[in-house]
Structures are given as C-alpha cells and as structure tokens.
Amino acid sequence: MLRKLRILVLGSLFILLALIVLSMTSVRERISGLDGGNPTGPIWFVTGIEYDLLQLELELKNYTLGRSGPEDVNRRFDILWSRLIVIQKGDTAEKLDRYQVDRTVLDSLFAMLKANDSLVVSLPQQIAQDSTVRDFLDKIVTYNSPLRNLSLDVLQASSRASKIRREELADINTQSTILTGMVVAAFVVLGALQILETAQTKRSLKEKERLLRDATAAGVAKSQFISVMNHELRTPLTSIRGAVTLLNAGAAGAFPDKAKRLLDMVQKNSEQLSLLIEDILEIEKLMAGRFELRTEIVDMGALIADELPNFNAYAKASDVTVVLNTQTDGALVEVDTKRMRQVLSNLVHNAVKFSRPGNAVHIDLTQSADEVVIAIADKGIGIPDDALPKIFDSFYQVDSSDSRNTGGTGLGLSIVKNLVEAMRGNVSVTSQVGQGTTFYVVLPVASVVAQSNMQAAE
C-alpha cells in the first residue's frame with residue numbers, strides 16, 4: 001500500500017513540478033513583453049515639441065518687432081529641429097507606433113522646417129520688409145492646434161498603456177502567488193514523502209533485524225539438526241544396515257520366507273534412509289560452501305566409458321540399457337573426478353528410474369570450440385512444464401504416482417546443479433510428458449578454464 005502511495009505521490013509531484021516550470025516560463029514571457037520604459041516619455045517629447053514650437057513662434061514675433069536677433073531664432077529653430085529628429089527615431093518612435101497615434105503632423109512639421117532651414121540660417125541682423133518671414137511665422141502658427149491634439153492623443157494612449165501595464169502586473173502578481181503556493185505544496189509533499197520513506201525505512205530495518213534473528217536461529221537449529229543427524233542417526237543406522245545384511249546372508253541361520261521378506265523390507269528402507277541422510281549432509285556442505293574441489297584435467301569420454309559398466313549394472317535390474325554416443329575425441333575438461341562421477345551417476349540413475357522396461361538411456365558427448373556438452377536422455381514419463389523451473393530445488397519431486405513409486409530424496413538434482421556450477425559449468429533440462437527427458441551438462445574445455453585462471457591472476 002505504501003509503495004503504491006509513494007508512486008502516486010511521486011507522480012503528482014512530477015506533474016506539479018512540470019506545471020511550475022510551465023508557469024514560470026509563461027510569467028517570464030509575460031514580463032519580457034511588458035513595456036519596461038517610462039510610459040510618460042512620449043508625452044514629454046510631444047509636449048516638448050509643442051512648447052518649443054511656441055517658443056520659436058515667440059522668437060520670430062520678437063524678431064519681426066526688433067526685440068531679438070536672428071541668433072535667438074536660430075537657437076530655437078535648432079532646439080525644435082533636434083527634438084523632432086529624436087522623436088522620429090529610436091525608442092520614442094517605437095512607443096508612438098505602439099500607441100497607434102497619427103504622427104502625420106510631426107512628419108509635416110519636420111518637412112516644413114527642413115524647407116525653411118535656409119531661410120532661418122540667412123536671417124539678417126536687421127529685419128527686412130520681407131513677406132517670407134511672416135509666411136514662415138503663419139505656417140508655424142497653423143501647427144499649434146494639431147500638435148495640441150496629438151498631445152491629447154498620446155496622453156490618452158499612455159493612460160491606456162498604463163492601465164494595461166497595471167493589469168499585467170496584477171496578473172503576474174496573481175500567478176506569482178499561485179506559483180508560491182504550488183512551490184510550498186511541493187515542499188509539503190516532499191516533506192510528507194520523506195516522512196513516509198523514513199517510517200518505511202525504520203519498519204524495513206526492524207523487519208530485516210527480525211528476519212536476521214530468525215535466520216540466525218534457523219541456522220543454529222539447522223546446525224543442531226545436522227549434528228544430530230550425523231551422530232545420532234547415521235551411526236545406529238549403519239549398525240542396523242550391517243546387522244540386516246548379515247541376517248540376510250545367513251549369519252544367524254535360515255529364516256522362513258515371511259521373515260526374509262520382512263528383512264528385505266528393513267534393508268531396503270534402511271538403505272533409503274541412509275541415502276537421504278547422506279544427501280542432506282551433502283547438500284548442506286554444498287550450500288554452505290564447506291567442500292573442496294580437487295580438479296584435474298580429464299578426458300570426459302574416457303571418464304564416462306569407465307563408468308558405463310556400473311551404469312548398466314544398475315540399469316539391468318530395471319531392464320534398461322545405457323548407451324554412450326561419443327562424437328568427439330579428447331574432450332578435455334578440468335573437473336573433480338569424484339564429484340563428476342557423482343553428477344553422472346545421479347543423472348543416469350534418475351534416467352533409469354523413470355524409463356520404461358526395454359528402453360535405453362542415451363549419453364551423448366559433443367564438443368564445440370569452448371564447451372563440452374553431455375546430454376543424458378531417457379524415454380520415460382517426462383516432466384510437466386510447470387515443474388521444470390523447480391526441478392533443481394531441494395526436496396522437490398514431481399507429484400505423480402509414477403514418480404512417487406520410484407522413490408528418491410528430492411535432493412539429487414539439487415546436488416548435481418551445485419556441483420556442476422562449482423566446476424564452472426551449468427545444467428539444464430528439456431522434457432515432454434510421455435516422451436522423455438534430457439538433461440544437459442555443459443562444461444568449459446580445459447584450455448578455456450586455464451585462460452580464465454590466467455586472466456583472474458593478472
């Protein structure tokens with residue numbers, strides 16, 4: 001439940017962080033789109049032009065009355081000219097375009113001043129009775145009203161821009177508040193998640209400590225059980241088997257048939273119990289790593305051929321024969337000979353037990369560039385598909401009447417697997433119910449093992 005909750009919280013947190021990133025991107029775009037300059041700038045320039053035009057008009061009138069000289073007119077003309085140049089270029093011109101006001105009057109004024117520039121420059125010190133100055137003055141007067149109207153338009157546009165800017169800032173402030181809430185929520189979720197994970201870690205540690213105590217106790221109990229089995233069961237069982245063997249051999253005289261059958265039953269079951277004890281002790285050593293391999297390079301074909309008479313002697317009682325098919329010469333492997341004989345014996349005995357009378361167990365030996373493969377195949381009852389993944393587990397036996405009747409401890413294949421893997425090999429199985437079973441033992445050739453050892457040493 002906590003795992004699902006953590007996944008849900010992490011998913012929600014991821015979505016929340018994604019929304020925060022998207023919102024911050026949107027806010028950044030909105031802020032960059034705002035008019036960051038002074039909204040009164042265009043008003044100041046336009047009203048400044050209106051003021052400078054009035055000043056130029058005043059200087060021209062004073063000039064015509066003889067109250068000021070041409071240098072005063074030129075100075076006012078230059079000031080107005082400079083302001084018009086500034087307002088038609090750069091940031092102020094862009095703002096006027098954004099305000100969507102008609103700048104025709106400014107362009108017209110600029111053109112008119114440009115056309116009369118030479119007139120202003122050539123004004124004499126003493127006013128002459130020339131109508132051109134008065135015409136120029138009349139033209140200037142005609143721009144007073146249009147400039148006043150332009151100032152009002154810019155003022156209204158600036159007011160609208162200021163309102164929009166205030167609304168944008170208010171919207172950004174709202175989004176910032178939401179973002180702040182989302183960030184706080186994210187930290188709250190992170191904190192809650194951390195608390196949950198800490199609590200779960202504490203519970204997990206406690207559970208691991210409990211499991212460790214249980215495992216330690218189980219290990220102690222297992223060790224005690226193995227000790228009891230080794231000393232308290234195997235020794236008297238050996239005595240029982242010896243005594244029954246002597247009785248069957250006639251050491252105490254002849255027995256009636258009924259008594260002899262009972263003795264055979266005792267001997268058979270004591271041998272089965274002894275085999276179980278030996279297998280349990282063997283698998284315990286393998287699982288604990290308390291066994292030593294004495295490896296040497298051997299010819300696997302020769303090793304199997306040497307064991308073949310023993311296999312057939314065992315199989316004869318079940319009317320089964322064991323056949324060796326060798327497709328390679330000099331299949332050299334580095335194994336513990338005693339342990340390898342144990343592996344082959346377990347697999348062949350298994351194949352014989354589950355074979356039908358009159359059938360044969362085939363041992364096929366093949367070799368590739370770096371592997372030696374031993375395939376042991378029977379034509380027996382086969383293994384169901386659902387049992388194959390568990391066939392090498394300790395104490396596991398296929399639950400069928402045929403398999404139960406064959407006996408066994410359920411440890412043989414587990415021992416085989418551990419031994420083969422200890423010798424750097426692997427074991428696998430294929431089977432079809434009613435068709436038979438094949439076990440494959442794959443071992444590295446001796447040269448590959450030697451090379452691997454050299455690399456490990458380096």
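All values below were derived from every heavy atom in this structure, side-chain atoms included, with hydrogens, water molecules and symmetry-related copies excluded.
For the pair Asn74 (side chain) and Val120 (backbone), a donor-acceptor distance under 3.5 Å is present. The backbone N or O of Thr438 sits nowhere less than 3.5 Å from a side-chain atom of Ser431 that would complete a donor-acceptor pair. Judged by distance alone, with hydrogens and angles left aside, the side-chain atoms of Asn116 form a donor-acceptor pair with the main-chain N or O of Met112 at under 3.5 Å.
With sequence neighbours excluded, the residues satisfying side-chain contact (heavy atoms from CB on, under 4.5 Å) with Ala387 are Ile383, Pro384, Tyr396, Val398. In terms of the salt bridge (charged side-chain N to carboxylate O under 4.0 Å, His left out) criterion, Arg294 has no residue partners (sequence neighbours excluded). For Ser355, there are no side-chain hydrogen bond (donor to acceptor under 3.5 Å, both in side chains) partners two or more places apart in sequence or in a different chain. Here Ser108 pairs with Tyr143 under the side-chain contact (heavy atoms from CB on, under 4.5 Å) rule; sequence neighbours left out.
Residues Glu334 and Thr295 have side chains that bring a donor and an acceptor to within less than 3.5 angstrom of each other. Side-chain atoms of Ser345 and Glu307 include no donor-acceptor pair closer than 3.5 Å.
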- Query: What do the steps show when you test Phe439 against Thr430 for side chain to side chain contact (heavy atoms under 4.5 Å, CB included), and what is the final call?
  - Reply: CA-CA 7 Å; Phe439 283 88; Thr430 60; over 6 Å; no

- Task: Step by step, work out the side chain to side chain contact (heavy atoms under 4.5 Å, CB included) result for Val445 and Glu371.
- Result: CA-CA 5 Å; Val445 298; Glu371 290 179 341; 5.6 Å; no

- Evaluate side chain to side chain contact (heavy atoms under 4.5 Å, CB included) for Asn144 paired with Glu57, printing each intermediate quantity in order. CA-CA 10 Å; Asn144 288 334; Glu57 178 185 348; 3.0 Å; yes

- Task: I would like to know whether Gln367 and Asp329 meet side-chain hydrogen bond (donor to acceptor under 3.5 Å, both in side chains); could you show each step before the answer?
- Result: CA-CA 9 Å; Gln367 181 180 359; Asp329 293 326; over 6 Å; no

- Message: Please evaluate residues Thr201 and Leu205 with respect to the criterion side chain to side chain contact (heavy atoms under 4.5 Å, CB included), reporting the C-alpha separation (whole Å), side-chain torsions for both, the decisive distance (0.1 Å), and the verdict.
- Response: CA-CA 6 Å; Thr201 301; Leu205 288 174; 4.2 Å; yes

Just distance, no hydrogens or angles: give the donor-acceptor pairs under 3.5 Å from side chains in residues 148-157, sequence neighbours left out.
unit_1: Asn149; atom_1: ND2; unit_2: Ser145; atom_2: O; d: 3.4
unit_1: Ser151; atom_1: OG; unit_2: Glu50; atom_2: OE1; d: 3.1
unit_1: Ser151; atom_1: OG; unit_2: Leu147; atom_2: O; d: 3.0

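Looking at every heavy atom in both residues, Arg356 comes nearest to Lys379 through NH1-O, 3.0 Å. Closest of all the heavy-atom pairs between Gly301 and Leu324 is O-CD2, 4.3 Å. Of all heavy-atom pairs spanning Ser68 and Asp72, the tightest one is CB-OD2, 3.4 Å. Shortest non-hydrogen contact noted between Pro444 and Val333 is O-CG1, 3.7 Å. Minimum heavy-atom separation, Ala360 to Val323: CB-CG2, 4.3 Å. Taking all atoms of both residues into account, the shortest heavy-atom contact from Leu443 to Gly425 is CD2-CA, 4.0 Å.
Note that the CG atom of Leu365 and the CD1 atom of Ile376 stand 10.5 Å from one another [nearest 0.5 Å]. The distance from the CG atom of Leu84 to the CG atom of Asp52 is 8.5 Å, given to the nearest 0.5 Å. Rounding to the nearest 0.5 Å gives a distance of 8.5 Å between OG1 of Thr326 and CG of Asp364. Here CG of Leu119 is found 11.0 Å from CG of Leu113. Values are rounded to the nearest 0.5 Å. The distance from the NE2 atom of His349 to the NZ atom of Lys353 is 9.0 Å, given to the nearest 0.5 Å. Separating the CD1 atom in Ile49 from the CG atom in Leu56 is a distance of 12.5 Å, to the nearest 0.5 Å.
Contact of the Met423 side chain with the Leu293 side chain is registered, since non-hydrogen atoms from C-beta on lie closer than 4.5 Å. Within the 4.5 Å cutoff, no side-chain heavy atoms of Thr437 are placed close to those of Phe354. Taking the side chain as every heavy atom from C-beta outward, Leu332 and Met300 never approach each other to under 4.5 Å. Proximity of Gln327 to Val373: side-chain heavy atoms (C-beta onward) are nowhere separated by under 4.5 Å. At least one side-chain heavy atom of Val429 sits less than 4.5 Å from a side-chain heavy atom of Leu388. Taking 4.5 Å as the limit, some side-chain heavy atom of Leu53 sits within range of a side-chain heavy atom of Ile140. You'll find the side chain of Phe136 reaches within 4.5 Å of the side chain of Leu60, heavy atoms only. Between Leu344 and Phe311, the closest side-chain pair of non-hydrogen atoms falls below 4.5 Å.
Applying the ring-ring contact (aromatic ring centres under 6.0 Å, His included) test to pairs two or more places apart or on separate chains, those with a residue in residues 66-85 are Trp81-Phe110.
With salt bridges taken as basic N to acidic carboxylate O contacts below 4.0 Å, one links Glu207 and Arg210. Under the 4.0 Å criterion applied to side-chain N and carboxylate O atoms, Glu71 and Arg75 are not assigned as salt-bridge partners. The pair Asp306-Arg341 meets the salt-bridge criterion, since a charged nitrogen lies less than 4.0 angstrom from a carboxylate oxygen.
Environment of CD in Gln432: sparse, with no more than 12 heavy atoms of neighbouring residues, nucleotides or ligands closer than 6.0 Å.
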